[in-house]
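This report refers to the structure that appears directly beneath it.
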There are 2 protein chains.
Amino acid sequence: MPANLINHIKKFIELTEADAELIQSAVTVKLVKKKAFLLQPDQICRETYFVSKGCLRLYFINKKLNEQITQFAIENWWMTDYSSLESGKPSTYYIQAVENCEVVVINKTRLDELFKQVPALERYFRIVQQRAFTAAQKRIEYIYSFSDEERYRHFSSLFPDFIQRIPQYMLASYLGFTPQFMSKIRAKKV
Amino acid sequence: MPANLINHIKKFIELTEADAELIQSAVTVKLVKKKAFLLQPDQICRETYFVSKGCLRLYFINKKLNEQITQFAIENWWMTDYSSLESGKPSTYYIQAVENCEVVVINKTRLDELFKQVPALERYFRIVQQRAFTAAQKRIEYIYSFSDEERYRHFSSLFPDFIQRIPQYMLASYLGFTPQFMSKIRAKKV
DNA sequence: CCAAAAAATGAATCAAGATTAAGAAATTAA
DNA sequence: TTAATTTCTTAATCTTGATTCATTTTTTGG
């Protein structure tokens with residue numbers, strides 16, 4: 001029972017009992033062990049994931065052969081590689097569980113059918129996409145407004161509980177600097 | 001007649017003649033002179049803009065009192081400040097015409113009504129938002145993968161015609177570095 | 001067509017954060 | 001409960017791109 005997902009959808013649109021059942025029949029719930037992968041490079045991404053419990057990360061390997069994290073998804077966030085999902089081309093990303101997770105999985109083809117059966121879902125995903133876009137824009141704004149150190153302090157004060165959940169080197173990667181630099185600014189804090 | 005907009009929508013969803021007329025009655029077309037503003041800080045953003053001709057930029061003034069451009073919109077792109085639009089709070093951004101523009105304007109309240117009259121529009125905007133989000137993610141990926149010089153060269157080779165349309169200092173701002181640094185890497189090119 | 005404003009260039013110095021290379025501390029698994 | 005792996009820290013040196021300030025070139029408006 002993807003209770004979280006149904007509740008999340010109901011925050012944005014009205015669902016009849018029948019709608020909710022159609023949605024339930026279209027999704028599966030998957031338990032994902034810490035460090036397990038939902039997507040790896042060269043695979044074609046055919047699913048989208050809703051985190052009902054735990055934390056996922058999306059990353060790729062950059063030129064310098066380091067992991068570069070571009071997104072995290074915690075409870076009630078969606079995650080997928082939209083470019084592979086839409087183009088049908090192989091992904092260049094990893095989606096990996098940072099913690100043991102419970103994830104609601106929807107296959108893209110099945111989701112497209114679902115849009116026909118429950119048209120109000122188009123509205124739900126429109127709103128969710130708009131929020132995701134707004135958050136991404138905000139992030140770009142922060143990248144260009146503040147130094148790495150400022151962004152670290154800002155992020156820490158904004159999400160003190162989240163930074164407890166992930167290794168520091170992952171936060172460094174997400175914020176775009178090295179673990180060494182992270183240590184340096186944390187040491188200063190004293 | 002916002003012909004471009006109707007055509008753009010028709011690329012993603014089917015519209016009846018009646019739908020198209022409803023849309024037409026909901027929007028206005030505005031000619032915007034180069035350097036004129038569609039939005040300024042402290043105003044509440046109540047509209048969303050579709051560029052049918054010309055180029056808009058979205059920017060803010062950062063801590064160092066420099067303009068920081070976060071988005072451009074050329075033909076067939078939407079632009080607005082979603083965070084002000086959705087929250088009803090004053091904006092912190094400028095939206096300004098980089099060239100003389102023709103812009104299709106939709107009032108947010110009117111758009112919400114329009115979604116009820118033409119529900120298929122939810123689908124159109126879902127797809128548009130998803131693309132916008134994917135593009136923003138791609139941009140974050142580039143920021144973290146490449147040096148400023150590499151990003152400049154990559155952007156130039158990808159959009160050679162676009163960089164002819166805008167002053168260099170605007171591209172420098174969009175890419176997140178100074179006009180002086182831009183001159184430096186352009187000089188090297190010889 | 002010319003004055004004024006806007007945009008681009010150049011060079012010297014400076015600073016934020018990367019790199020490299022250890023080593024220490026904390027987790028994990030057998 | 002200890003060995004192995006993962007994560008975090010420290011410090012020296014190096015690089016990219018910012019800052020400052022001056023000059024030149026281009027565009028715009030009257």
Side-chain angles (χ1 to χ4, degrees), chain A residues 33-37 55 57 59 61-69 72 94 96-100 140 142-156 162-190, chain B residues 32-37 54-55 57 59 61-69 72 94 96-100 140 142-156 162-190:
Chain A
K33 283 245 173 81
K34 183 172 174 173
K35 295 197 180 173
F37 292 97
C55 177
R57 63 172 178 148
Y59 70 94
I61 305 295
N62 67 18
K63 263 190 333 202
K64 292 168 194 156
L65 302 182
N66 297 319
E67 292 175 1
Q68 177 57 61
I69 299 176
F72 289 106
Y94 297 84
Q96 188 191 33
V98 175
E99 307 168 342
N100 291 329
I140 291 170
Y142 273 88
I143 291 173
Y144 284 145
S145 296
F146 301 111
S147 68
D148 287 3
E149 177 167 356
E150 287 169 329
R151 275 193 345 272
Y152 163 73
R153 298 201 187 284
H154 184 261
F155 192 94
S156 309
F162 178 68
I163 64 167
Q164 302 298 339
R165 286 172 68 173
I166 58 166
Q168 284 177 35
Y169 77 90
M170 285 195 192
L171 182 55
S173 169
Y174 178 76
L175 293 175
F177 50 73
T178 59
Q180 290 88 332
F181 183 64
M182 179 113 173
S183 276
K184 205 157 142 186
I185 57 187
R186 283 167 56 87
K188 274 208 315 208
K189 207 169 183 175
V190 178
Chain B
V32 190
K33 283 247 175 78
K34 183 172 175 174
K35 296 197 180 170
F37 292 97
C55 177
R57 64 172 180 150
Y59 70 93
I61 303 297
N62 68 18
K63 263 190 334 203
K64 292 168 195 156
L65 303 182
N66 297 320
E67 292 177 0
Q68 177 58 60
I69 298 175
F72 289 106
Y94 298 84
Q96 187 190 35
V98 176
E99 306 167 344
N100 291 329
I140 291 170
Y142 273 89
I143 291 172
Y144 284 146
S145 298
F146 301 110
S147 68
D148 287 4
E149 178 168 356
E150 287 169 327
R151 276 193 345 273
Y152 164 72
R153 298 202 186 284
H154 184 264
F155 192 93
S156 310
F162 178 68
I163 62 167
Q164 303 298 338
R165 287 173 65 173
I166 57 167
Q168 283 177 35
Y169 78 91
M170 286 195 191
L171 182 56
S173 168
Y174 178 77
L175 292 174
F177 50 74
T178 59
Q180 290 87 334
F181 182 64
M182 179 113 171
S183 277
K184 206 156 140 185
I185 55 187
R186 282 167 56 86
K188 273 210 313 209
K189 209 169 183 176
V190 181

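Every chain is numbered from 1, with letters handed out A, B, ... down the list of sequences.
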Whole angstrom is fine here: how far is it from CG in B/Leu171 over to C1' in C/dA7? 14 Å
On DNA chain D, does the nearest nucleotide to B/Glu149 precede the nearest nucleotide to B/Lys35 from the 5' side, or the other way round? Give the residue. B/Glu149
Return no unless some side-chain N or O of A/Ser147 is found under 4.0 Å from OP1 or OP2 of C/dA16. no
Find the distance A/Tyr144:OH to D/dG17:P and express it as a whole number of Å. 12 Å
Step by step, work out the ring pair (Phe, Tyr, Trp, His ring centres under 6.0 Å) result for A/Tyr152 and A/Phe181. CA-CA 11 Å; A/Tyr152 163 73; A/Phe181 183 64; 9.0 Å; no
Separation of B/Asp148 atom CG from D/dT19 atom C1', in whole Å? 15 Å
For atom CZ of A/Phe181 and atom C1' of D/dA11, their distance in whole Å: 15 Å
Taking the nucleotide of DNA chain D with the closest heavy atom to each, which residue, B/Lys34 or B/Gly176, is nearer the 5' end? B/Gly176
May I ask you to decide if the ring planes of A/Phe146 and A/Tyr142 are parallel, tilted or perpendicular, using 30° and 60° as cut-offs? tilted
Backbone N/O of B/Gly54 and side chain of B/Arg165: donor-acceptor pair under 3.5 Å: yes
For a 4.5 angstrom cut-off between non-hydrogen side-chain atoms, does A/Glu67 reach A/Tyr169? yes
Can any side-chain N or O of A/Gln68 pair as donor or acceptor with the backbone N or O of A/Ser173 at less than 3.5 Å? yes
Round to a whole Å and report the spacing from CG of B/Leu65 to P of D/dT20. 12 Å
Quick one: which of C/dA18, D/dA18, C/dA6 gets closest to the side chain of A/Phe177? C/dA18
In whole angstroms, the gap separating P of C/dG17 from CZ of A/Phe146 amounts to 13 Å
Restricting to nitrogen or oxygen on both sides, can you table the protein-nucleotides 8-15 of chain C pairs closer than 3.5 Å?
unit_1: C/dA8; atom_1: OP1; unit_2: B/Gln168; atom_2: N; d: 2.9
unit_1: C/dA8; atom_1: OP2; unit_2: B/Gln168; atom_2: N; d: 3.3
unit_1: C/dA8; atom_1: OP2; unit_2: B/Tyr169; atom_2: N; d: 2.9
unit_1: C/dT9; atom_1: OP2; unit_2: B/Gln168; atom_2: OE1; d: 3.0
unit_1: C/dT9; atom_1: OP2; unit_2: B/Ser183; atom_2: OG; d: 3.0
unit_1: C/dT9; atom_1: O5'; unit_2: B/Ser183; atom_2: OG; d: 3.4

To the nearest angstrom, how far is B/Ile69 atom CD1 from C/dA7 atom P? 11 Å
Before we go on, tell me: are the rings of A/Phe155 and A/Tyr174 under 6.0 Å apart, centre to centre? yes
State whether the side chain of A/Gln96 and the backbone N or O of A/Lys35 hold a donor-acceptor pair below 3.5 Å, judged by distance alone. yes
Separation of D/dT10 P from A/Ile185 CD1 (nearest whole Å): 13 Å
